[in-house]
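Every value quoted in this text rests on a predicted model; they were computed, and no experiment measured them. The figures here come from the full heavy-atom set of this structure, side chains too, leaving out hydrogens, waters and symmetry mates.
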Amino acid sequence: MTAHAAAGAPGARLKKLIRRHDEQADPAGAPRLSPLWTFVAWLATLAFFAPVAWMVLTSFHQEADAATNPPTPFAPFTLGQYATLFSRNITPFLLNSTMASVISTLLVLALAVPTAYALSIKPVEKWTDVMFFFLSTKFLPAIAALLPVYMIVKDIGMLDNVWTLIVLYTAMNLPIAVWMMRSFLAEVPKEILEAAEMDGAKLLTVLWRVVAPIAMPGLAATSLICFIFSWNEFMFAVNLTATQASTAPVFLVGFITNEGLFLARLCAAATLVSLPVLIAGFAAQDKLVRGLSLGAVK
């Protein structure tokens, strides 16, 4: 190929390398499990799924049927518990949880990807010390930071504000995201990055057009884990919010009382609160499996 022909096909080598990497990462040729291990895997799946199935089943029962001992799984079904949830206006709590989880996850990815890129593909000096610093921020129990965080938030007038939760969730999930993305980006072939640089791609172009598509399973796994951690967070939500910014977990525990029966309503609330996470996990299950297993085998 002449130099003129090579110049007329910018990015051809880069596209070829990316296509080769995708073919090598295709799990179609991966070894299959033996029937015995397949049976064990199904047993483990059923064992983990059984409590969730029981929770969903109980949510469709009357309180009297849900509280019987032994339980009565074939009692008459009803949607009354879900009607009670919406009559108590669960929608603002779900919206607050969605806003805090989605925005904090996007902020975490926006900060973690460039950081992980600098610590893996373009290592900075003493990058191991930087990684240890990120990890050290998780050494302190969250309950130990509750009082100073509460005082700071109170002094700046940000109590009962969903943006307070967004900042806290971003800070809480950033170290985890940096560690995960660093391991994912370390698997990106250096030849592809060198080809992109030879084609004149800038840093943002490399991140968006080259690194992001290759590391998409890792991005999906990281974002889903950060979303789940933010959605399930309870301690800061219950202590820093009151009426305007309370999240779904705070609404959920409101059904636990010392008087009367509440099991069916609690199961209905737990089922409804769990749906966004289950939907997100189901939608990204293929990328989640690849992302969590990325780098496990060569």
Side-chain angles (χ1 to χ4, degrees), residues 88-120 124-183 207 219 221-257 269-270 272-274 276-277 280:
R88 293 183 57 170
N89 201 14
I90 190 179
T91 304
F93 297 88
L94 294 175
L95 292 177
N96 287 334
S97 285
T98 302
M99 181 177 178
S101 302
V102 171
I103 295 180
S104 65
T105 299
L106 293 177
L107 290 176
V108 165
L109 292 180
L111 296 172
V113 172
T115 304
Y117 180 86
L119 294 171
S120 57
V124 299
E125 187 178 356
K126 297 183 178 180
W127 64 269
T128 54
D129 295 338
V130 178
M131 294 295 292
F132 178 78
F133 170 76
F134 277 106
L135 186 62
S136 66
T137 60
K138 305 297 292 183
F139 291 171
L140 182 68
I143 188 64
L146 178 59
L147 181 59
V149 168
Y150 179 86
M151 297 302 296
I152 293 173
V153 173
K154 180 181 178 182
D155 290 341
I156 63 177
M158 292 291 288
L159 286 176
D160 202 17
N161 192 313
V162 69
W163 287 100
T164 300
L165 299 180
I166 291 174
V167 173
L168 290 175
Y169 294 169
T170 302
M172 291 167 54
N173 292 327
L174 185 59
I176 301 173
V178 170
W179 270 81
M180 291 185 64
M181 288 307 306
R182 196 263 167 192
S183 63
L207 288 175
L219 284 170
T222 303
S223 60
L224 184 58
I225 288 176
C226 292
F227 177 82
I228 292 174
F229 285 170
S230 299
W231 185 271
N232 293 336
E233 200 282 324
F234 174 74
M235 187 186 67
F236 286 112
V238 75
N239 287 283
L240 300 180
T241 64
T243 57
Q244 300 298 322
S246 294
T247 57
V250 179
F251 176 84
L252 183 62
V253 299
F255 287 96
I256 302 177
T257 63
L272 197 60
V273 170
S274 302
V277 174

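Using a 4.5 Å heavy-atom cutoff, the side chains of V178 and V108 are not in contact. Side-chain atoms of F234 and L252, non-hydrogen and from C-beta on, never get closer than 4.5 Å to each other. Side-chain atoms of W163 and M158, non-hydrogen and from C-beta on, do get closer than 4.5 Å to each other. Within the 4.5 Å cutoff, side-chain heavy atoms of M131 are placed close to those of L119. Counting heavy atoms from C-beta outward, S97 and P249 have side chains that approach closer than 4.5 Å. With contacts defined as side-chain heavy-atom distances shorter than 4.5 Å, the pair F229/I225 qualifies. With a 4.5 Å cut-off on side-chain heavy atoms, L107 and I166 count as touching. K138 has its side chain within reach of I176: a pair of non-hydrogen atoms, C-beta onward, lies under 4.5 Å apart.
Summarising the geometry of T243 relative to S246, their closest heavy-atom pair is N-OG, 4.1 Å, with the distance given to 0.1 Å. Nearest heavy-atom pair across P175 and T137 is CG-OG1, 3.1 Å. The shortest non-hydrogen separation linking V277 to I228 is CG1-CG1, 3.6 Å. Taking every heavy atom of both residues into account, S120 and R182 meet most closely at CB-O, 3.7 Å. Heavy atoms only, all atoms of each residue included: P114 and L111 are closest at CD-O, 3.6 Å. Between V102 and F227 the shortest heavy-atom distance is CG2-CE1, 4.0 Å.
Summarising the geometry, atom OG belonging to S104 is positioned 9.5 Å from atom CG belonging to L109; distances are rounded to the nearest 0.5 Å. The line from CH2 of W179 to CG of L135 is 5.5 Å long, rounded to the nearest 0.5 Å. Separating the OG1 atom in T222 from the CE atom in M180 is a distance of 4.0 Å, to the nearest 0.5 Å. Taking OG1 from T164 and CD1 from I152, the interatomic distance works out to 11.5 Å, rounded to the nearest 0.5 Å. Taking OG from S223 and CE from M181, the interatomic distance works out to 9.0 Å, rounded to the nearest 0.5 Å. Within the model, atoms CE of M151 and CD1 of I156 stand 12.0 Å from one another, a figure rounded to the nearest 0.5 Å.
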Quiz item: For L240 and V149, what are the C-alpha separation, side-chain angles and deciding distance, and is it a side chain to side chain contact (heavy atoms under 4.5 Å, CB included)?
Solution: CA-CA 9 Å; L240 300 180; V149 168; 4.1 Å; yes
Quiz prompt | Test side chain to side chain contact (heavy atoms under 4.5 Å, CB included) applied to F133 and D129, step by step | solution = CA-CA 6 Å; F133 170 76; D129 295 338; over 6 Å; no
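Annotation: side-chain contact (heavy atoms from CB on, under 4.5 Å) contacts of A171 (sequence neighbours excluded): none. A search for ring-ring contact (aromatic ring centres under 6.0 Å, His included) contacts involving Y169 returns nothing, not counting sequence neighbours.
A distance-only check finds a donor-acceptor pair linking the side chain of E233 to the backbone of M235 [under 3.5 Å]. Side-chain atoms of W231 come within 3.5 Å of backbone atoms of V273 as a donor-acceptor pair (strictly under, hydrogens ignored). Under the 3.5 Å distance criterion, the side-chain polar atoms of N96 are left unmatched by any main-chain donor or acceptor of T247.
Looking only at atom types and distance, the side chain of S230 has a donor-acceptor partner in the side chain of N173 under 3.5 Å away.
Using a 30° and 60° split on the angle between ring planes, F93 and F251 fall in the tilted class, from 30° to 60°.
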